[in-house]
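Labels below follow one simple rule: chain letters A, B, ... track the order of the sequence lines, proteins then strands, and each chain is numbered from 1. Everything numeric in this text was worked out from a predicted model, so none of it was measured.
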Amino acid sequence: MASGSRRRERVDQSMYAELHLHTAFSFLDGASMPVELVERAVELGYPALAITDHNGLHGAMEFAQAARAAGIQAIIGAEVTLADGSHLTLLAETAEGYANLSRLIARAHLDNERLDPRLSLETLQAHTEGLILLTGCRNGELSLLVEAGRLDGARAVLARYREWFGTEQVFVELQQNLVHGDTRRMTILSRLAAESGLGTVATGNVHYHARERHRLQDVLVAIQHRLTLDASHQVRRANSEFFLQPQDVVARRFRRYPEALRNTLVIAERCAGFDLTTDLQYQFPEYNHMSIWDRNTAASSTEQEVDCCDAVPLSPDDVLARDCYTLLQERYGDNIKARERLALELGLVKRHGLAGFFLVYRDIMLLARQVADEVRGTGARSAYVLPPGRGRGSSVSSIICYLIGLSHIDPLRHNLYIGRFLNEELASVPDIDIDFPRDIRERLIARIYEVYGNDHAALVCAFPTYHIRSAIRDIGKALGLPAPDLDRLAKLSERTSADKLEAEMERLPEFRDRLDAPLWQELIGLAREIAGFPRHVTQHSGGMVISSQPLVDLVPVQAAAMEGRYVCQWDKDSCDDARFIKIDFLALGMLSLVEECLELIVREGKPPVDLSRIDFEDPLVYEMIGKGDTIGVFQIESRAQIQTLLRTKPTTLEDLIVQVAIVRPGPIIGGAVSPYVQARRELRRTGSANPRFDHPLLAPVLRETHGVILYQEQVLEVAVRLAGFTAGQADSFRRSMSRKRSLSAMNRFWEQFREGAAANGVDEVTARTVFDKLLGFAAYGFPKSHAAAFAVLAYQSCWLKYYYPAEFYCALFNNQPMGFYPPHAFANDARRHGTPIFPPDVNLSGARCTVEGNGVRIGFNYVDGVGEDVARAIVEERERDGAYRTLIDLARRTRLRREVIEHLIVVGACDGFGLRRRELLWQLGLFMPDKRLGGRTKPTAWQLALDLPTEQDMVPLREMTEWERMIADYDVLGLSSRYHPLALLRPILPPELARADQLDRLRDGRPVRFGGLVVCRQRPGTAKGMLFMLLEDETGLANVIVHPQLYEQQRAVIRGNPFLLITGKLQLREDTVNIIASDISPIERPTKSGPQPTQPISELLAQAERLQTLPDEISDEQLTSLRLVAPASHDFR
Amino acid sequence: MVSGKSPTPADDIGVIRLLNQPQPLMVTADGNGLPRWVGSGGASQRVSGIGDSWRVDDEWWRTSISRRYFVVTLEDGAIRTIFQDLIGDGWYEQTY
């Protein structure tokens, strides 16, 4: 049955439509997802259902799509909060009404403090057209006046809305949720409506789809108010009646108000003219002849061209072709292949009407160029040549993108297949994603707001959802469960869906016995329900929507957490459903690092480097890569990458492109890794990889990857070559694999594949083998174009690490967090590479880390408690009035907080003052007493201004021990410039422990014991429950493999301890070294008096003092918890 | 006063007495769960009107409370607030 007639039938049989309903997008209030509400409404035979979330349309598109699929009418509305805090319900009757609703919500957000949207009456009055107003819930202005007995005020409110909206548009809302007072209020409201000549309407104030969900709603409200359930009585709802009621129940409750019931259907019918899924009129900005590009190039254009433009405006296709051919001539000369490729792409662009789209993108890149020039300025950063940003993804395969500056990769040189990006059967506008350094992206987004207007551009939003850990913490707190237990359970749980909590607790011995405990049972049940619920609004990593008409007519816009940023209220999926074109500007930390590295090279007085002209075949760089010496570089630095590098030993950029693509779930599940590695070994041994192909037709496609499928483009090309698919068919096949696979869809593709292959003379068995490999690959792999873009950056970062290590490590420190490792791992890596790391020094450090000789000086940005502004202030004061001479001089001139000066002292930043660190701390205490220790609280400014001598009060104190210094380093800096904890612990560790640098010299299969600091733990979905760990000692890194059974037995030890002692067997394979663990224990013997990680530094020092004489005078039992040296940056969760 | 002894100040503070304890009632309800007859002290009266009704659900994480309240007018004109315990299924009068 068609959905229209299905709906008609429902309307005819219905008594009631729900017009006041909250979904989970009424954050921390609505307790059902849109689809749950829609499905329940269908079960109950509702003809229509409105969505009226608080101050937002965040869930409106998802709701409308779900309703459309279910054949039920979706009415779009919202419950807005007025300036006085009261609520009002608004429903969109027409497209204009929807635009007004969207504008009103946007204004409510933009005109007020973030997270406290309020709509002023003046704004409301200005946007009434096409809207139906319902007077609101118990917290509506009208209801509140009635409750207060101010009936004249209530009448005035109704008169006001009637005047603004018109009699037909205003309905007095009657709600009967069996809350004490509802009956009386309904009676009065109904009378007021009659007096005012207005209709009444029944609504349910629905907050969840079924009664059982009221518990979750209670919990959400408690979370929202940061209260426990016990303490939240005043803010929770009185009962469980706020669910989607059967129509006959509603009819009974409102039997005295038949008009109010009838009006629900009247309003639904009136709103049927607007359908959010089809009626939005979004348009991408049209290419304008006086665009940025033209304005920019007009000055340099020939007179003839300008005249030409003035006379007859060229079509976007003509403009794109003209500009591309000009640029083609510059880059390729008369290269026939390039001309053919450009002609092919321009033909496809014309066919799909995309020329304007490309030209707008080109304009945006030009803006980016201007922004980059401004950001880089005229100093050291302008001395090298870099594009403002770099393309990623499938667009990198396009020669048009290459020519107009959207990509920096020559698609012909790297043999990049275009069909993944552009083909004759495009289903939607292709994606163009561009990476930028962080600072350029920041400024570019602001510039786009300026150029297109704040009301025409916004970032796409995202909804972080509840997963197991957030569910444990939030729900558990509301239930009043002990915080330490919740914290421990959250830390020990795998990162997984909240609905897996019961299974996780079953696996954890210390929580297994709580499965049946009352409150824990509630936690499990509620976590199951909250799984996947949106928690709040944040901004998407890079997506931006630009619209030719004001965006606020299409979707509300609100301020993002970051100053000057605006997000629209729809996420990526809703924007897709609205057919918005999303432009992805991504911030790529490695691009920031590379820029800073190049700048540091110039600042060091070395010749500027043009990274596009470096030797991409440098054997020394590849030798470093082949040894897996890639910590800190782009993409090929992870544990899994290093393990593969040792086996593949890349020697060219093409090899590196493979390397970027191969450590992905697609190639791993598709079984591509081992055959590829074997082929590489064969190639190194014999000079020929001798690949085997499933069919000769595949040779041209798979030769470059030695017979295996590594890239998304190859999936397409295989389908084209072997089964005669068109590029569009093949892309449709690829996309259907990347989404939830439907068996019937796969069967359909198999039939087409089998028939197409047979027509090419391929037997069914071979066809099936190849088809299964394609399925195995699915879409969890990179397009080659993307891998190529990333491989270039990976190589450039390797090259910089090899030739400019000090500058590289310095930039690496300054651009954290990024990549795979914590900063202390970089410090240790730098030391092993002969790049010294110097501690902070008040007279030598910069606000950020700086290059000093062949090493790196840690900047003030690493000192705990020193923010960016303070760091700059310390340096500026020093530059203005000279070096700091004494501790008092430092304190007086910088006015730093005592704790910050304490931090500077303990990490050695004040060593230059000639006193020992303990003496400096003592001295600090003399003129800046520690309030924590009950010291005097005289204003420090007065005390410091006197600059009193302290010599007479000084006492001789011994120097801090190495152990104390290391603890202070890790505690304050997150890394130690001189010490590795394992080196200091070594004397008390079992003597038979192997060190990391000895492992590759031991015999394969030998029993081995190893102790180290956990640098990372990984349990990839492709590894069948295996856990991979990287442990570090003072000599290097060691890989540890933990089988699933051992992991489950010792999960608490593994996940809860920063230092581990591994017993196992050594496995040596093709230069890779692994310890296969058979037992794991913590290097930790907590004492009764052991300090806690949260103690202040002075107490840590006191504790550390007792450890100073390790190992001779301190027994093992007294060894304190090694958690102290676990750096703050280290994620042990 | 709890015992014949004179209370000490500490006794006075230490004794907690529940006030307004709901009193059990005999109620006959119709098919929709609405009270029609209310009996107490051996006599039973017809409900001549229901003035208001509301529901309370709370404390589900501890010992659930779930009650449906009615303000009923009995045939002798008396107005009583009664509730049905939706968990234990009994009826009670809420005294104030």
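Contacts of B/R67 with chain A are absent, with no heavy-atom separation under 4.5 Å from either backbone or side chain. Only the side chain of A/R211 comes within less than 4.5 Å of a heavy atom of chain B; its backbone N, CA, C and O stay farther away. At a 4.5 Å heavy-atom cutoff, A/L523 makes no contact with chain B through either its backbone or its side chain.
The two residues A/V179 and B/W54 make their nearest non-hydrogen contact at C-CB, 3.8 Å. Between B/D57 and A/N239, the closest heavy-atom pair is OD2-CB, 3.2 Å.
In this structure, CG on B/L34 lies 8.0 Å from CZ on A/R252, to the nearest 0.5 angstrom. Here the straight-line distance linking atom CZ of A/R253 with atom OG of B/S53 works out to 8.5 Å at 0.5 Å rounding. Remark: A/L526 CG to B/W61 CH2 distance equals 11.5 Å, nearest 0.5 Å. The line from CZ of A/R184 to CG of B/D52 is 10.0 Å long, rounded to the nearest 0.5 Å. Distance check: A/L229 CG to B/R62 CZ gives 9.0 Å after rounding to the nearest 0.5 Å.
Within 6.0 Å of atom CZ in A/R512, more than 12 heavy atoms from other residues, nucleotides or ligands are found, so the atom counts as buried in its surroundings. Applying the 6.0 Å contact sphere to CD of B/Q21 captures more than 12 heavy atoms from other residues, nucleotides or ligands.
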For this session: Verify side-chain contact (heavy atoms from CB on, under 4.5 Å) between A/R236 and B/D58, making sure each step is shown before the conclusion.
Result: CA-CA 9 Å; A/R236 276 186 285 110; B/D58 207 345; 2.9 Å; yes

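The residue among A/L479, A/D182, A/D230 with the most heavy atom pairs within less than 4.5 Å of chain B is A/D230.
Side-chain polar atoms of B/W60 and A/D218 form a donor-acceptor pair below 3.5 angstrom.
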